[in-house]
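Computation of the quantities below employed the complete heavy-atom set of this structure, encompassing side-chain atoms and omitting hydrogens, waters and symmetry-equivalent molecules. Count residues from 1 along the sequence.
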Amino acid sequence: MRSDDARSLLPIVVPTAAAGAVAALVSGVLAGGKGAIGAAVATLIVIVFMGLGLFVLQRTAKTLPQLFQAMGLMLYTAQLLLLFIFVAVFKNTTLFNPKAFAITLVATTLVWIGAQTRAHMKAKILYVEPDSTKGDKPENPGPKS
């Protein structure tokens, strides 16, 4: 992973991990050790799924910019479906508390989306690629006479 990819991921992962830690603490108090384990597993799943999705989306934007919007919509739909599948699969598990797992999964997903939105709005993204000036083009071409 390149350093600018890591820098763009950090302001998103930190709030998500913090929300997961709070959820694990609350779940541990309310549902015991299994609640804390469920919250921790849910937080890990959200960070891995959404992080991989963001990584794929950044690569798509750099290599195939014409597919960026379609890929983003498809990716978020696939991520939400996978999260619903995880909730359905672990609905009756005895490894951890399924309610704490499901609530933390939804909460940390919302925190991830909010943090990603905030990071994107604060990013200074150029919408025009600056040309490299080698001196062969005039800066301000006037009308030809």
Interatomic distance, [X] atom [atom1] to [Y] atom [atom2] [nearest 0.5 angstrom]:
X    : Y    : atom1 : atom2 : value
I12  : L54  : CD1   : CG    : 5.0 Å
M50  : L80  : CE    : CG    : 6.5 Å
K122 : T117 : NZ    : OG1   : 13.5 Å
M121 : R118 : CE    : CZ    : 10.5 Å
I45  : T108 : CD1   : OG1   : 9.0 Å

Pairing residues for [X] by the side chain to side chain contact (heavy atoms under 4.5 Å, CB included) criterion, not counting sequence neighbours:
X   : answer
F68 : L57, A61
A31 : N97
V89 : I85
A42 : F101, T104, L105

Hey, what else clusters with [X] if you join Ile, Leu, Val, Met, Phe, Trp, Tyr whenever side-chain heavy atoms sit under 4.5 Å?
X   : result
V22 : V26, L30
L64 : L67
V29 : none

(Q) Count I, L, V, M, F, W, Y as connected when their side-chain heavy atoms are under 4.5 Å apart, and connections chain through other members. Are M74 and V56 then in the same cluster? (A)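 Cluster IDs for M74 and V56 match.
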Q.
Taking I47 as the starting point, is it possible to reach L9 by hopping between hydrophobic residues whose side chains are less than 4.5 Å apart?
A.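 Cluster IDs for L9 and I47 match.
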Q. Residues in side chain to side chain donor-acceptor pair (under 3.5 Å) with Q79, at least two apart?
A.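 Listed in chain order: nothing, the list is empty.
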What's the shortest heavy-atom distance between [X] and [Y], and which atoms?
X    : Y    : value
P98  : F90  : CB-O, 3.6 Å
G20  : T43  : CA-OG1, 3.1 Å
A102 : V87  : CB-CG1, 4.3 Å
T93  : L95  : OG1-N, 3.1 Å
P15  : A115 : CG-CB, 4.0 Å

Q: Can you run down the side chain to side chain donor-acceptor pair (under 3.5 Å) pairs that involve residues 67-78, sequence neighbours left out, and say none if there aren't any?
A: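 Only Y76-Q116 qualify under side chain to side chain donor-acceptor pair (under 3.5 Å).
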Q: Would you mind listing every side chain to side chain donor-acceptor pair (under 3.5 Å) that reaches into residues 16-36, with sequence neighbours excluded?
A: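 Sorted pair list comes back empty.
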**Q.** Residue pairs involving residues 24-51 (criterion ring-ring contact (aromatic ring centres under 6.0 Å, His included); sequence neighbours excluded)
**A.**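 Sorted result for residues 24-51: F49-F86.
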